[in-house]
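Every value quoted in this text rests on a predicted model; they were computed, and no experiment measured them.
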Amino acid sequence: MDLFSDNNPKNINHLPYDGTVNFYGFVLNQQEADYYYHQLLQSIEWKNDEAIIFGKKVITKRKVAWYADFSFSYTYSNVTKQALPWTAELLILKQLVEKVTGETYNSCLLNLYHDGTEGMAWHSDGEKDLKKNGAIASLSLGAARKFLFKHKSTKQIVSFILDSGSLLVMKDETQSFWLHRLPPTQVVHSPRINLTFRTIAPILNNKSSLLPLINCFH
């Protein structure tokens, strides 16, 4: 089932049950999307992602970066990462996403996929540091890629095509009941940048002990 359509109402829930996924379509026009794609490609401090799998360190071809309101550590795949201060471009995109979705976010995980051979396996964003049932906003730049959801019990699949400049939001109980993935493909030969704006709960509870970064630009 392919749910991509410019005519879909912005507030429709594309999951049949056990969670909420809103697809907003294009929130950036082609010129804007191209501009931010090239800016982020050059200005972000990209590093190859690392994960500890069965006790062994795995370094991926995919590159990642982590930015936030405050300097703090975030752990996923058994690897801890330190937040960097927002760049000017990231702050603009964060404010746009917040305006469109009506949500607020205090951090952003960026992924750089160099071509279609790089993807993500089935997983849920269920790290304990994340705000429980909070919204995760996924903004896509660059190559269009298929994005899939699979229910953990029923195995039902829901599919999207995420074009450059499009925005998708996962929230409520989605991470508890659904897995998602970016499947590899041999037909995509150009890079894709994915920005996932999210809320880290410890920041909300311990602001006084963290170093503010919001006004520091690289």
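- The shortest distance between side-chain heavy atoms of Y36 and I92 falls below 4.5 Å.
- Linking Ile, Leu, Val, Met, Phe, Trp and Tyr whenever their side-chain heavy atoms come within less than 4.5 Å leaves Y37 and V188 in two separate clusters.
- Under the 4.5 Å side-chain criterion, counting only non-hydrogen atoms from C-beta, H151 is in contact with F177.
- For the atom pair CG (L179) and CG (L148), the distance works out to 11.0 Å, reported to the nearest 0.5 Å.
- Remark: T185 OG1 to K146 NZ distance equals 8.5 Å, nearest 0.5 Å.
- Judged by distance alone, with hydrogens and angles left aside, the side-chain atoms of S138 form no donor-acceptor pair with the main-chain N or O of T196 at under 3.5 Å.
- Q175 places a side-chain N or O within 3.5 Å of a backbone atom of D125 that can act as its donor or acceptor partner.
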For K63 and H114, what are the C-alpha separation, side-chain angles and deciding distance, and is it a side chain to side chain contact (heavy atoms under 4.5 Å, CB included)?
-> CA-CA 8 Å; K63 292 185 176 181; H114 297 89; 3.9 Å; yes
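- Atom CG in D69 sits 9.0 Å away from atom OG1 in T199 (nearest 0.5 Å).
- Side-chain N or O atoms of S166 include none that pairs as donor or acceptor with a backbone N or O of L162 at under 3.5 Å.
- In terms of the salt bridge (charged side-chain N to carboxylate O under 4.0 Å, His left out) criterion, E118 has no residue partners (sequence neighbours excluded).
- Residues W178 and V158 form a side-chain contact, since some pair of their non-hydrogen atoms from C-beta on lies under 4.5 Å apart.
- In terms of the salt bridge (charged side-chain N to carboxylate O under 4.0 Å, His left out) criterion, residue partners of E98 (sequence neighbours excluded) are, by chain and number, K94.
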Where do T154 and Y17 land on the side chain to side chain contact (heavy atoms under 4.5 Å, CB included) test, with the steps shown first?
-> CA-CA 11 Å; T154 68; Y17 40 76; 2.9 Å; yes
Is there a side chain to side chain contact (heavy atoms under 4.5 Å, CB included) between N22 and L167 once you walk through the steps?
-> CA-CA 9 Å; N22 299 130; L167 178 66; over 6 Å; no
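- Annotation: the span from H38 atom NE2 to E89 atom CD amounts to 13.5 Å, rounded to 0.5 Å.
- Considering every non-hydrogen atom in both G165 and L141, the closest pair reads N-CD2, 4.3 Å.
- Residues N111 and W46 share a closest heavy-atom pair of C-CZ3, 3.8 Å.
- Across R181 and F147, no two heavy atoms sit closer than the pair O-CD1, 3.4 Å.
- At least one side-chain heavy atom of R62 sits less than 4.5 Å from a side-chain heavy atom of Y113.
- In this pair, Y67 and W86 present their aromatic rings parallel. The plane angle is below 30°, not in the 30 to 60° band.
- Scanning all heavy atoms of the two residues, the minimum distance from N13 to G19 falls at ND2-O, 2.9 Å.
- How far NE2 of H180 is from CZ of F160: 12.0 Å, rounded to the nearest 0.5 Å.
- In this structure, the side chain of T174 engages the main chain of T20 through a donor-acceptor pair within 3.5 Å.
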Which pairs of donor and acceptor atoms, one on a side chain in residues 28-35, lie under 3.5 Å apart (sequence neighbours left out)?
from: N29; atom 1: OD1; to: Q31; atom 2: N; distance (Å): 3.1
from: N29; atom 1: OD1; to: E32; atom 2: N; distance (Å): 2.7
from: E32; atom 1: OE1; to: N29; atom 2: N; distance (Å): 2.9

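- Taking each heavy atom of I44 and A65 in turn, the nearest pair found is CG2-CB, 3.4 Å.
- In this structure, CG in N106 is found 8.0 Å from CZ in F70, a value given to the nearest 0.5 Å.
- Aromatic ring centroids of H14 and F149 lie 6.0 Å or more apart.
- Residue K132 places its NZ atom among 12 or fewer non-hydrogen atoms of other residues, nucleotides or ligands, all under 6.0 Å distant.
- The shortest distance between side-chain heavy atoms of Y105 and E103 falls below 4.5 Å.
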Side chain to side chain contact (heavy atoms under 4.5 Å, CB included) between N194 and L139, intermediate numbers included = CA-CA 6 Å; N194 176 236; L139 178 64; 5.8 Å; no
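- In terms of heavy atoms, S140 sits closest to R192 at OG-NH2, 2.8 Å.
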